[in-house]
Amino acid sequence: MVYQRLTTEQLADRWEARRAVKNLMGRMTQAILHKEESDFTARFWSGRDDVSLGVNAGWYLGMEAVRAYYAAIAARTDLSDEILRRRFPAFMPAEGRALGQFDLKPLSSELVEVAGDGQTAKGMWSYQGSDIRMTEKGPLSYWTIGVYAVEFILEGGQWRIWHMLNLLDIDCPCGEKWWQEPLPRSDEPGFEAFGDPVFPAPTIQTEIHRLWSPGNGQQEMPTCPVPYESFSDTFSYGYGGGAIMPDERVYSEDELMRRIWDIEDIRDLMSRRSLYCTGGQWRRELNELWVSTPEHMTAASFGGNWGFYCGMESIRRFYERSYRSASFCSRCVNTPLVILSDDGASARGRWYMSGQNTLCADGQVEQAWWSVWTLGADFVREGEQWKILHLVEAQDFYCPVGEDFDAQPVWPEAGANPEQALFASADYSFLAHDNTYMLEDDWPPVPQAYETLNMYNSYGPEGHPALNDRIHSIAWATEVAARRAWGR
């Protein structure tokens, strides 16, 4: 942000926002110290459904999941009080809470950026803390070294936490060396209950960050905040927001050769699909190139500018309407970009495609048009074959045959584009790709390196940014699971 361009009043507002965000984190740190997690979300977090909390072991998505995370800490504190009073009745007071416990995370190295529009902010802090926690070995003190990366949103004049990353580098018993295995300790009678897991399973179970060890070295931190105008202009500390850089995985020569040929096979698959389309062999495309296991067939989707058809039955009906008998279409795909997942079980790709559609009825041409599309596709391995799981044909350019492109209206009348009619009965109907200014809408996005495929980072409807608010709500996630039985 070029502060010289801001008025005195704007500078004062910016300073007030920075102070409010820092104070919010300070109050949160005090609440952690006093083990007050029972009302954490109400005191500090946004009420939005798309809040998220990222920890080393994965992502908690949605308010219900975040609330459950803090509720688990509060329940652990209550259990500790109960057991300590029972185990040491002569030393424990009858009243009070969080007996003999604390969790200190003093914030340092603060870096805060407030958006130019004043509606959101980003902050990053490091901490070197210590806490006393209850374990099956009894009370133990731990050193903790980590980082917070947080996004804030202004709600009703108050700054609230929207997305948070809390990533640990060191989590080691005090008095021990953090590069060695913890010293063996015998179980303490009466503390057996603390051997159970503390937290509920994350919504997305994936390794975001690893504890430091000589074997894996120091990992990169999330991207530091930088000046930005509005939230839509920048990365996010939320799930899939691009702030976490995946580690560069080292593959053996055999693995590299396999991955090279996997990419070639996927490119061939999409070229084969193009040739099948041009030859009118749409049934062969569906039967040979698309997924065929029951789980994948339920999760499959075909998307376009006006929505998504979900499940292979729905996709087949769409193809039957699109490829009429005696009609003609041609497709040419180019500029392939294919990214294999780290686990090798899936892949993502993007292509540009040009072609034309000619629709006929009773021996007469009804409509014919040129188009240019951006393709986005997710692939999964079934046996030794790669198959299409999700496919998006986002139309960037449309022009009727025989007409000049520069004569086409910028804002055509509703229904003028014949492809829109093909999505009239889509399972999820919404404007998924706005081609008013052709390539200005960059969806489907360029694929990036990723660990494993799930609904949130896919080219399926759940991965579309316009649906993020609904997707991260529990109700919407339940609806998606019920309708599509996504394999987790």
Side-chain angles (χ1 to χ4, degrees), residues 266-282 285 289 301-309 315 318-319 321-324 327-339 348-360 365-379 388 390-424 426 429-448 459-461 463-466:
I266 290 169
R267 289 177 174 177
D268 287 351
L269 185 156
M270 291 301 285
S271 295
R272 191 181 304 277
R273 177 185 182 266
S274 173
L275 295 171
Y276 283 178
C277 289
T278 301
Q281 297 176 298
W282 61 269
E285 175 197 335
L289 307 184
S301 67
F302 182 96
N305 292 35
W306 295 276
F308 286 84
Y309 288 91
I315 295 170
F318 168 75
Y319 269 60
R321 288 193 300 272
S322 301
Y323 296 99
R324 303 179 192 170
S327 297
F328 172 64
C329 75
S330 62
R331 299 287 188 269
C332 298
V333 292
N334 56 71
T335 323
L337 174 60
V338 178
I339 303 293
R348 309 189 73 201
R350 195 170 97 149
W351 288 256
Y352 290 115
M353 182 173 75
S354 59
Q356 60 79 33
N357 281 33
T358 303
L359 301 184
C360 299
V365 173
E366 286 185 337
Q367 291 175 303
W369 66 94
W370 297 104
S371 288
V372 173
W373 299 266
T374 299
L375 302 188
D378 294 317
F379 307 89
I388 300 169
H390 303 129
L391 180 62
V392 171
E393 289 188 353
Q395 186 196 67
D396 296 307
F397 165 93
Y398 158 78
C399 182
V401 173
E403 297 184 15
D404 292 336
F405 173 65
D406 58 6
Q408 303 306 307
V410 176
W411 295 282
E413 295 181 6
N417 190 324
E419 290 198 16
Q420 184 173 0
L422 297 176
F423 282 84
S429 181
F430 67 101
L431 184 60
H433 180 70
D434 185 353
N435 66 356
T436 301
Y437 301 107
M438 295 190 293
L439 297 177
E440 191 271 337
D441 183 343
D442 192 36
W443 183 83
V446 173
Q448 304 295 326
Y459 287 124
H464 193 285

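Everything numeric in this text was worked out from a predicted model, so none of it was measured. Only heavy atoms go into these numbers, but all of them, side chains included; no hydrogens, no water, no symmetry mates.
- Within the model, atoms CE of Met353 and CH2 of Trp373 stand 4.5 Å from one another, a figure rounded to the nearest 0.5 Å.
- Remark: the backbone N or O of Ser301 is not paired with any side-chain donor or acceptor of His390 at under 3.5 angstrom.
- Using a 4.5 Å heavy-atom cutoff, the side chains of Tyr459 and Leu391 are not in contact.
- Between Arg350 and Ile339, the closest side-chain pair of non-hydrogen atoms is not below 4.5 Å.
- Taking the centre of each ring, Phe423 and Phe308 stay at or above the 6.0 Å mark.
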For residues 329-337, which side-chain donor-acceptor pairs fall under 3.5 Å, sequence neighbours excluded?
residue : atom : partner : partner atom : Å
Arg331  : NH1  : Gln356  : O            : 3.2
Arg331  : NH1  : Asn357  : OD1          : 2.8
Arg331  : NH2  : Asn357  : OD1          : 2.8

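- Here the CD1-CZ distance, from Ile388 to Phe302, works out to 9.5 Å after rounding to the nearest 0.5 Å.
- Proximity of Phe397 to Ser354: side-chain heavy atoms (C-beta onward) are nowhere separated by under 4.5 Å.
- Across all their heavy atoms, Ala394 and Pro444 have their closest contact at CB-CD, 3.6 Å.
- The environment of CZ in Arg267 is crowded: more than 12 heavy-atom neighbours from other residues, nucleotides or ligands sit within 6.0 Å.
- Note that the OH atom of Tyr319 and the CH2 atom of Trp282 stand 10.0 Å from one another [nearest 0.5 Å].
- Taken to the nearest 0.5 Å, the OG1 atom of Thr358 stands 11.5 Å off from the CD atom of Glu366.
- Minimum heavy-atom separation, Ala432 to Gly304: CB-O, 3.4 Å.
- Taking 4.5 Å as the limit, some side-chain heavy atom of Trp306 sits within range of a side-chain heavy atom of Gln395.
- Contact annotation: the side chain of Tyr398 never approaches that of Gln420 to less than 4.5 Å [non-hydrogen atoms, C-beta and beyond].
- Side-chain contact check for Glu419 versus Asn305: every heavy-atom pair is 4.5 Å or farther apart.
- For the pair Trp351 and Ile266, the tightest heavy-atom approach, listed with the atom from each and the gap, is CH2-CG2, 4.1 Å.
- Heavy atoms from other residues, nucleotides or ligands lying under 6.0 Å from CH2 of Trp443 number more than 12.
- The distance from atom CG of Asp434 to atom CG of Asp396, rounded to the nearest 0.5 Å, is 10.5 Å.
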